[in-house]
Amino acid sequence: MRNRHAAAGIVRWLTAIAVAAAMAAPAPASGLDVSGSVSGERTVFTGDALHPEQGSGSASLAIAPEVYHQWESGPSLIFTPFLRLDSKDGERTHADIRELTYLKVGDGWEMRAGIGKVFWGTTEFVHLVDIVNQTDLVENIDGEEKLGQPMVRFSLVRDWGVIDLFALPYFRERTFPSIEGRLRYGLVVDTDQPVYESGDGQHHLDFAMRYSHSIGSIDLGLSWFSGTGREPSLLPGTDTLGQPVLIPFYELIDQVSLDLLMVTGQWLLKLETLHRSGQGEDYSALTGGAEYTFVGLGGTPADLGVILEWAYDDRGDTATTPFENDLAAAVRLVLNDMAGTEMLAGVIEDIGSNARIVSIEASRRLGDNIRASLEAYIFADIPADDPFRDLRNDDFLKLEVTLFL
């Protein structure tokens, strides 16, 4: 254990030194690029709130600048902070460093140190094997928004594939809505009382490794993770006022996973599967399916993709995920016009209970630097024992307008 503490300290020290050195180095104006975005968002819920603290909607403002610099000697630095101000949910008003990464590239290798983002996986609806970064759940319930993760990452690039080695010296807790927020559990998740299986708490040193390679028309990823699980178990408890709440409990886990993507003609075949130990009994899960694209729909420039996926978790009703045996179907329309108009409309249905989630996402550019996005969710026929039961009145429509700088 003492060696593990020492290793964690060394990794944190190296991360801090790498980032500090990058920021302190001289920065000629020609190597500095500043960009980013400012977004305004308005969300309206069509159903009455289940809890008196909640409202019928909210407005928010998000700021996401990006600074990129590359030195003449080769190394580069990217810095992407994030800030959201929300009119209703105090937990959704939050700031984060999405990325602060120093990159050094050598002959057949790369080294990144600082705070970074990594995505693993291939499927559209359930991102099963994506585990390095923590989910920023107050941003969106689809699980695609992630918090920045402190890491040192070394990549070995060869003709036979890429090996990525990760040391993750600090754990990021999952975000959850406050008592005023919609799209939450009936009981509030008390993020002020996290419990860790590891005595090191947030300072437990996690490790990950990934092998990826393209073999003909197949993209292959084999991954291993050992450390604090990103998905907490939620235990009943009380807050400082004695009110009932849910307490997030973060277990130590080991996970091996495989993800595949095969391109054959106009078909995309996708698979993600994992085996995990440490979060209760060992279990396996998979998600996979296919996407077919009709190119040049009706003689127009538009493309229409049809998606069908299945998610399965062998824990059944005891699974910590709501997608233990679910089918998802969707259509993706890309107009390929000057405005970049896109739409994805889909439905996820629980095979056992017939509970359904219907979602629509659409976006379009308005001029050169503005993009408007529309998102809608409908929660239908949710039974009393379904994990989404507390969202049965939370159908919503969200409009976002983003200015790119």
Side-chain angles (χ1 to χ4, degrees), residues 5 8 12 41 43 45 49-55 57-63 81-98 100 115 117 131-151 168-206 227-253 278-280 320-322 387-391 394:
H5 282 304
R12 288 193 293 270
E41 180 185 286
T43 302
F45 293 91
L50 291 177
H51 308 284
E53 301 87 357
Q54 298 173 318
S58 65
S60 69
L61 177 70
I63 304 172
F82 175 81
L83 171 66
R84 181 175 295 280
L85 303 173
D86 191 88
S87 66
K88 184 64 178 178
D89 188 346
E91 291 294 333
R92 199 163 188 255
T93 294
H94 68 301
D96 182 42
I97 297 177
R98 297 304 203 211
L100 177 55
I115 299 172
K117 293 181 71 174
I131 194 172
V132 172
N133 288 84
Q134 178 60 274
T135 298
D136 192 354
L137 197 60
V138 297
E139 277 297 299
N140 201 309
I141 63 169
D142 63 10
E144 295 186 357
E145 296 294 333
K146 301 291 182 176
L147 299 172
Q149 171 62 49
M151 67 174 69
L168 312 170
Y170 185 78
F171 178 76
R172 302 297 309 278
E173 296 170 8
R174 180 164 293 194
T175 60
F176 291 94
S178 70
I179 193 171
E180 296 91 359
R182 300 287 290 258
L183 300 166
R184 67 167 173 84
Y185 295 100
L187 294 179
V188 174
V189 178
D190 190 347
T191 55
D192 293 331
Q193 299 189 76
V195 179
Y196 293 89
E197 181 178 347
S198 169
D200 293 331
Q202 286 185 286
H203 298 284
H204 184 274
L205 179 59
D206 302 340
T228 303
R230 274 47 180 163
E231 179 186 5
S233 298
L234 300 176
L235 309 178
T238 57
D239 63 13
T240 55
L241 300 177
Q243 299 298 314
V245 294
L246 296 174
I247 304 296
F249 175 47
Y250 295 97
E251 296 106 324
L252 292 174
I253 67 168
Q279 196 172 27
T320 55
T321 171
F388 284 110
R389 177 65 176 176
D390 293 319
L391 308 186
D394 283 352

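Since this is a predicted model, take the numbers as computed values, not measurements.
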Would you indicate whether the side-chain heavy atoms of [Y] and [X] approach each other to under 4.5 Å?
X: Tyr170; Y: Leu205; value: no
X: Arg389; Y: Leu391; value: no
X: Met151; Y: Ile115; value: no
X: Arg184; Y: Asp390; value: no
X: Leu235; Y: Val195; value: no
X: Val189; Y: Leu234; value: yes

Problem set entry | Partner of Asp136 under side chain to side chain donor-acceptor pair (under 3.5 Å), chosen from Arg174, His94, Arg92, Lys146 | His94
For this session: For a side chain to side chain donor-acceptor pair (under 3.5 Å) with Arg172, tell me which candidate from Asn133, Thr135, Asp96 qualifies.
Result: Asp96
For this session: Please test Gln149 against Arg98 for side-chain contact (heavy atoms from CB on, under 4.5 Å), starting from the C-alpha separation and ending with a verdict.
Result: CA-CA 8 Å; Gln149 171 62 49; Arg98 297 304 203 211; over 6 Å; no
First locate atom [atom1] of [X], then atom [atom2] of [Y], and finally report the distance between them rounded to the nearest 0.5 Å.
X: Leu85; Y: Ile63; atom1: CG; atom2: CD1; value: 6.5 Å
X: Asp394; Y: Leu183; atom1: CG; atom2: CG; value: 5.0 Å
X: Ile253; Y: Glu231; atom1: CD1; atom2: CD; value: 8.5 Å

Problem set entry | Test ring pair (Phe, Tyr, Trp, His ring centres under 6.0 Å) applied to His204 and Phe171, step by step | CA-CA 7 Å; His204 184 274; Phe171 178 76; 9.4 Å; no
I'd like to know if the side chain of [X] reaches the main chain of [Y], judged simply by a donor and an acceptor atom lying under 3.5 Å from each other, with no hydrogens or angles considered.
X: Thr238; Y: Gln243; result: no
X: Ser58; Y: Lys88; result: no
X: Glu41; Y: Ser60; result: no
X: Glu251; Y: Gln279; result: no

Exercise. Does the ring center of Phe249 lie less than 6.0 Å from the ring center of Tyr196?
Worked result: no
Which heavy atom in [X] sits nearest to a heavy atom in [Y], and how many Å separate them?
X: Pro232; Y: Pro248; result: CB-CB, 4.0 Å
X: Thr175; Y: Leu147; result: CG2-CD1, 4.3 Å
X: Ala49; Y: Arg182; result: CB-NH1, 3.6 Å
X: Leu83; Y: Ala95; result: CD1-CB, 4.0 Å
X: Ile247; Y: Asp190; result: CD1-CB, 4.2 Å
X: Val138; Y: Glu91; result: CG2-O, 4.1 Å

Exercise. Is Arg84 salt-bridged to Glu139, cutoff N-O under 4.0 Å?
Worked result: yes
Exercise. Can you list the steps and then say if Tyr250 with Glu197 is a side-chain contact (heavy atoms from CB on, under 4.5 Å)?
Worked result: CA-CA 6 Å; Tyr250 295 97; Glu197 181 178 347; over 6 Å; no
Exercise. Can you find a side-chain donor-acceptor pair between Thr191 and Glu173 that sits under 3.5 Å?
Worked result: no
Exercise. Do Asp89 and Ser178 have side-chain N/O donor and acceptor atoms under 3.5 Å apart?
Worked result: yes
For this session: Output, in order, the C-alpha distance, side-chain angles, deciding distance and verdict of side-chain contact (heavy atoms from CB on, under 4.5 Å) for Leu246 and Val188.
Result: CA-CA 6 Å; Leu246 296 174; Val188 174; over 6 Å; no
For this session: Measure the acute angle between the ring planes of Tyr185 and Phe176, then classify it against the limits of 30° and 60° as parallel, tilted or perpendicular.
Result: tilted
